[in-house]
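Notes to accompany the following structure.
So you know, we letter chains A, B, ... as the sequences are listed, proteins then strands, and number each from 1.
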Number of protein chains: 4
Amino acid sequence: MAGNSFGRILVLTTFGESHGAGIGGVLDGFPPGIIVDKAWINRQLKRRRTGSHTGSSARMEEDSVRFLSGLKDGQSTGAPIAFWVENQDVTDAAYPEGILRPSHADYTYWKKYGFFDHDGGGRASARESVARVVGGALAALLLKQEGIHILAFTRQIGPACWKGESSQAKVEAIEANRLCCPDQKLAEEMENYLQELRSTGDTTGAMVSCIVRGVPCGLGEPAYGKLQADLAQAMMGINAAKGFEYGSGMGSAARKGSELNDIWEPGFHTRNNHSGGIQGGISNGEDIYFNVAFKPVPSLQRAQPTLNEKGEVTQLPPAGKRHDCCVVPRVIPVVESMSALVIADHLLMKYAYQSFSYHKK
Amino acid sequence: MAGNSFGRILVLTTFGESHGAGIGGVLDGFPPGIIVDKAWINRQLKRRRTGSHTGSSARMEEDSVRFLSGLKDGQSTGAPIAFWVENQDVTDAAYPEGILRPSHADYTYWKKYGFFDHDGGGRASARESVARVVGGALAALLLKQEGIHILAFTRQIGPACWKGESSQAKVEAIEANRLCCPDQKLAEEMENYLQELRSTGDTTGAMVSCIVRGVPCGLGEPAYGKLQADLAQAMMGINAAKGFEYGSGMGSAARKGSELNDIWEPGFHTRNNHSGGIQGGISNGEDIYFNVAFKPVPSLQRAQPTLNEKGEVTQLPPAGKRHDCCVVPRVIPVVESMSALVIADHLLMKYAYQSFSYHKK
Amino acid sequence: MAGNSFGRILVLTTFGESHGAGIGGVLDGFPPGIIVDKAWINRQLKRRRTGSHTGSSARMEEDSVRFLSGLKDGQSTGAPIAFWVENQDVTDAAYPEGILRPSHADYTYWKKYGFFDHDGGGRASARESVARVVGGALAALLLKQEGIHILAFTRQIGPACWKGESSQAKVEAIEANRLCCPDQKLAEEMENYLQELRSTGDTTGAMVSCIVRGVPCGLGEPAYGKLQADLAQAMMGINAAKGFEYGSGMGSAARKGSELNDIWEPGFHTRNNHSGGIQGGISNGEDIYFNVAFKPVPSLQRAQPTLNEKGEVTQLPPAGKRHDCCVVPRVIPVVESMSALVIADHLLMKYAYQSFSYHKK
Amino acid sequence: MAGNSFGRILVLTTFGESHGAGIGGVLDGFPPGIIVDKAWINRQLKRRRTGSHTGSSARMEEDSVRFLSGLKDGQSTGAPIAFWVENQDVTDAAYPEGILRPSHADYTYWKKYGFFDHDGGGRASARESVARVVGGALAALLLKQEGIHILAFTRQIGPACWKGESSQAKVEAIEANRLCCPDQKLAEEMENYLQELRSTGDTTGAMVSCIVRGVPCGLGEPAYGKLQADLAQAMMGINAAKGFEYGSGMGSAARKGSELNDIWEPGFHTRNNHSGGIQGGISNGEDIYFNVAFKPVPSLQRAQPTLNEKGEVTQLPPAGKRHDCCVVPRVIPVVESMSALVIADHLLMKYAYQSFSYHKK
């Protein structure tokens, strides 16, 4: 494994396994003098945590972060910020020994790293996202100081899909239901659908939308560090993500230029925002918005045919209570966090150059 | 700009502007002893080049590559391979001075880099992809030696969409029509649609599919260098790309786990391949396939309202003949090339670790 | 701060401050299946730790490492290996508030990060090297499996200097005295010199030599990742290092080509080894050896004139008992560790390419 | 080879071989709006070029740079700046086939890359430094705009050594003799020594000093991107470099703290500058100075015993006229260039953070 760091100047490195001692990370390149609101970070962690709501895992983790370095008197010092979240509710009992779970990472980790890990997926577990949330929350705090705000929400769970534009999503509406859906009636439908799936031991996919407001013009490094490319990399690196689209998205394939072109209007704003706030790989000052599709959780509460380590046909028993039936809503703060890391990293890069231009004049 | 390099071990750095002297690149980290088939590379360049077919730009470029370093007697030496493709058909006449083109990079480049480039978009032009095609063709040659083959094709242009599975796409069918569509009748429909758009001065979006065959198990570096994340980064960095999906894709949001789980069958193959050949961020030995959606070309053959540099409302005249009406088919070798770079880079990384495991035993 | 990671494929990221909760690190890219001998790692830590010998700080730290991730059943799993060493003997009393210590990092950290850290130098403290020693010990264990061995020793302390060739240094001799000097009589002289300095409250510089045996031909990446360049970067990044030389070293300036050329002899070995085991930036299979010079510890046990935060002339009181009077012998395992990280990183890179060449044939 | 890029934000990638078509490079991350004085760049190239003076190679190269991208109207655009210098005086005749040259890269390149290059050392040739000089000259132009000036000069050739402090070196004195020595009488001695060596077919080592004036406080990224560490990496990556020291240097090993400590004086300047302008890895605003030792050129104008490809003892004939007898003075602009790249890269990084601090207040 050689990919546990993320970012160019602002770099998050994470470590820890699902059933090890805990999950941690190091955020390097964080500017000094940023006030670190620990309560808000723990709130983001709480959003990621298993809750009591329908469709959520029964694994109970306190998930309170301990900062190991890089802070003094509640502010960042410029030194790397390390943090650590202990695993508390760890048990091997939930995982059948020597059986390949379908659509999991068991097989590929086994073949790549040479041993079969029976304990909760180890590094491949979604529990790794704890570290993303803490690192991303730190980045989000920095962005807030610069007037940049990130909001992710649930657009779709199974057949229930919100058709609104992301720019219309309101924080209050999203926070008014457990599933983080901007429409309360739709949220109920979603809850019902999850209930129904739970009863049959099945799971479902979901779509999460994210909107970033207040991004100044100038973030993004062409040709290979385009802002949307780095956002795509960040999102597709989240467990279970299967697709990413921004602005006019996948639907662009069926559209005409005359429909999608963003016309410039006085004040250098665009009439529409099919561009999703990014042109030529660089933010243009409009809202940035994108969607991420997630596959259904592959752990089912029903038996599934599969192979064991020897290659013999066998059955995987039902997964038990320690698995979600949908990545939503727990993945929402993860999406926000990875977005924050990307935006903050590009903001630092922008400042590096901008300073020169300002010098010149 | 600080993002003109791509890759971790195998690194492509590109340079050059649309209306400068030419486009070039440097591929570093390429292993020695690989036979470099220049004819095949030029063939890939030719596929990217403006053709005479409907919907294609009238800019005529020979685009024959000159290698500046890194080769000897037709083989790679291990030294960085630099290459250069001259711009020949360059004219400023086609670009109106001081007018912001809608949904182009004019505004963001201007604001970020401090000057307004009137000549063909400079670095933001799709002509930069010439360097991607050469670099990617070199990577593809390396992959061929390892038994890995990449094939991209047109899935959709406007309303015409192929519904088949990517694994069914055949090289011969794709090469049998200019639009690289696996279905000849559909290709005709697409041609007609492009003809129709041309007549109204409009443009269209498109969807490209890509399949990678022969990838061994073990490519991909969790957690932040997952194979699908790096593929997404690569694809979303291509001009006009608006969405990326692999395996079950965006549609996963509406599906159930019981439908999408890939059941293991004797011989360690999966019954279906909704995973798209990647599990836990690591290739599992099955075919890798993904789709990339592109927006319509924003240069229309009709006038559009916009602003000039001073922020005054003005009109952008029709774009003239030097613009495509759809990124397809020219973008196809670009998709193949960026895929090849990602896969080859990960193959090198895999070998780095694998060697250790082998030593041990 | 944006430089807390070290390495290309095998990457060590460290964190923690002298007077914070502890010192830790993450080693990413470490191959799976390597047996991790914790006792040996703790032995390396012990060598770095304050001892009772003359010239050593009175700060007492247990320094026993706790591994947080990446190991299972005593072996590496391929996942990032995180580790943590708690600070136990922390006190602010030893550091005068608001006074710039001469030849320390107080001023530069203050100006760069915007606040004046009164507690032991924070991130700039030599205590950070705890993380280097753990990370480097892991790399050294990997190298041992490949038959590569690293040995550092004391060449010079003040006027006492060993004139032998590094290749003649014997482990037993080095381990026979506390100062790690290959000559016992010289070690005594050094001890006496340190005693004398201690009595006058002064400190001294030192020179450490390092030899790496068993390195295969082929490590090093021209043009900017030459093996000696990466070793130099590693050594000059150790606190208090002022110079680096390898092979014929600084003295080369006064020598003739006819004296220094390494003549090839049957079996492809060189008669001498003025090249220091590296030619063209790549290891040639001979022993690699180099020297690192360190300045005297700047904390004196006597008063020194200086400025306070306001820029007023003041006096820095004697430093107290918590400071060494020479970086040797505590820096010896740090030199070994940084060397191990560089060599292991290049070994992984070599394997990446070598695998291709082997495939070919 | 995977190390042909240099830098963190400002990245130079180079390519080309001694006897290939030419030498080139790409400088990415260069800020827009910097005036590019081509005459000055060509002057730096001319200083690197073979001259008619004693001790210099007879290979004649015009070495006039052609910029391929990234400039417009004499200014940088922010796009990657690619450049190309053609090889004109190329001949294979000078290199004996299949014979290992002592203390050259022949053996290691052969073993690492699998083929024996008979043509001038290929990528390992000092001719590669042409690209360093162009890239570094661009960086130096940027630094000049910020008031930072770099000056390298000859301190020692064989027995003739200047004992002055680098801070006393004057541009005029250095430019007053061909060997770039601050002392005219010493320069004569050096010329005589080179003449003498030439007559016996021998070569000599040399020491180059470099001083960087006007660097603001705050450049350098602890712990692993310390300014002196990056300078050391840069210098030790130059062909034939054997040692690097800064400030009090290698001699520090013999010195006392009471002698070397830099006492702070009113105005936050230090009484001496044994620290070499860097404390804790970060520039403190004083002059930065360092020395680099180079080994003698290994190509002798006399026969040397060696092996051929088959491992048989043979003789290498005298090297002919195409080799220098000392790396000085040609290496001087290379030292300046690599320094400029390091300083400029760190300046960009500093601005990235500084902008945040300024925002805060």
When rounded to the nearest 0.5 Å, the distance separating CG of D:N308 from CH2 of C:W264 is 13.0 Å
Indicate yes or no for a side-chain donor-acceptor contact from C:E221 to the backbone of D:A2 under 3.5 Å, with no hydrogens or angles considered. yes
Taking every heavy-atom pair that is under 4.5 Å apart, which of C:Q304, C:R123, C:E259 has the most such pairs with chain D? C:Q304
C:Q233 side chain to D:Y224 backbone, donor-acceptor under 3.5 Å: yes
Donor-acceptor pair, side chain of D:T108 and main chain of C:G280, under 3.5 angstrom: no
Tell me which of these, C:G311, C:S252, C:G243, has more heavy-atom pairs under 4.5 Å with chain D than the rest. C:S252
Given that the side chain runs from C-beta out, which part of C:M235 has a heavy atom under 4.5 Å from chain D: side chain, backbone, both or neither? neither
Heavy-atom proximity to chain C below 4.5 Å, by part of D:I157: backbone
Which pairs with one or both residues in residues 224-242 of chain C pass salt bridge (Lys or Arg N to Asp or Glu O under 4.0 Å), sequence neighbours excluded? C:R8-C:D230
When the 4.5 angstrom heavy-atom criterion is applied to C:M207 and chain D, the contacting part is both
Most heavy-atom pairs under 4.5 angstrom with chain C, which of D:A253, D:G281, D:G285, D:A293? D:A253
Let me confirm one number: the CZ-OG distance from C:F294 to D:S248, rounded to the nearest 0.5 Å. 12.5 Å
Heavy-atom contact with chain C under 4.5 Å, split by part of D:M250: both
Over all atoms of both residues, closest heavy-atom pair of C:P296 and D:G257: CB-N, 3.2 Å
What part of C:E265 lies closer than 4.5 angstrom to a heavy atom of chain D: side chain, backbone, both or neither? backbone
How long is the gap from OG on C:S283 to NZ on D:K111, to the nearest 0.5 Å? 13.0 Å
With a 4.5 Å cut-off on side-chain heavy atoms, are D:R255 and C:T204 touching? no
Minimal heavy-atom distance between C:K112 and D:G220, with the atoms involved, is NZ-O, 2.6 Å
Pick whichever of C:G205, C:P222, C:P305 has the most heavy-atom pairs under 4.5 Å with chain D. C:P222
Can you check whether D:S103's main-chain N or O pairs, donor with acceptor, with C:N261's side chain at less than 3.5 Å? no
Select one option (side chain, backbone, both, neither) describing which atoms of C:S5 are under 4.5 Å from chain D's heavy atoms. backbone
Proximal component of C:T200, with respect to chain D [non-hydrogen, under 4.5 Å]: neither
Best-contacting candidate, D:G225, D:G237, D:G201, D:P159, against chain C by heavy atom pairs under 4.5 angstrom: D:G237
Between D:A241 and chain C, which part of the residue has a heavy atom less than 4.5 Å away: side chain, backbone, both or neither? backbone
Note: C:N284 and D:Y107 closest approach over all heavy atoms is O-CE2, 3.8 Å
C:L300, part contacting chain D, at a heavy-atom distance under 4.5 Å: side chain
Which portion of C:N272 sits near chain D, non-hydrogen atoms under 4.5 angstrom: neither
When the 4.5 angstrom heavy-atom criterion is applied to D:E128 and chain C, the contacting part is side chain
If you count heavy-atom pairs under 4.5 Å between each of D:C217, D:S299, D:P298 and chain C, which one has the most? D:P298
Roughly how far, to the nearest 0.5 Å, is the CD1 atom of C:I263 from the OG1 atom of D:T306? 6.5 Å
Check C:M236 against D:A232 and note the closest heavy-atom contact, atom names and distance. CG-CB, 3.4 Å
Applying a strict 4.5 Å limit to non-hydrogen atoms, the region of C:A160 in contact with chain D is neither
Region of D:A206 in contact with chain C, defined by heavy-atom distances below 4.5 Å: backbone
When only pairs under 4.5 Å are counted, which of D:P266, D:G276, D:A223 shares the most heavy-atom pairs with chain C? D:A223
Answer key: most heavy-atom pairs under 4.5 Å with chain C among D:C161, D:G218, D:G251 is D:G218
Closest-packed option against chain D by number of heavy-atom pairs under 4.5 Å, given C:T203, C:D262, C:L307, C:T14: C:L307
Quick one: pull up NE2 in C:H104 and OG in D:S275 and give me the separation to the nearest 0.5 Å. 11.0 Å
4.5 Å side-chain heavy-atom contact, D:L100 and C:F268: yes
Shorter than 4.5 Å, heavy atoms on both sides: which option in D:V292, D:L260, D:V313, D:T270 has the most such pairs with chain C? D:L260
Tell me, side chain or backbone of C:Y193 under 4.5 Å from chain D's heavy atoms, or both, or neither? side chain
Does anything in residues 294-304 of chain C pair up under salt bridge (Lys or Arg N to Asp or Glu O under 4.0 Å), and if so which pairs, sequence neighbours excluded? C:D202-C:R302
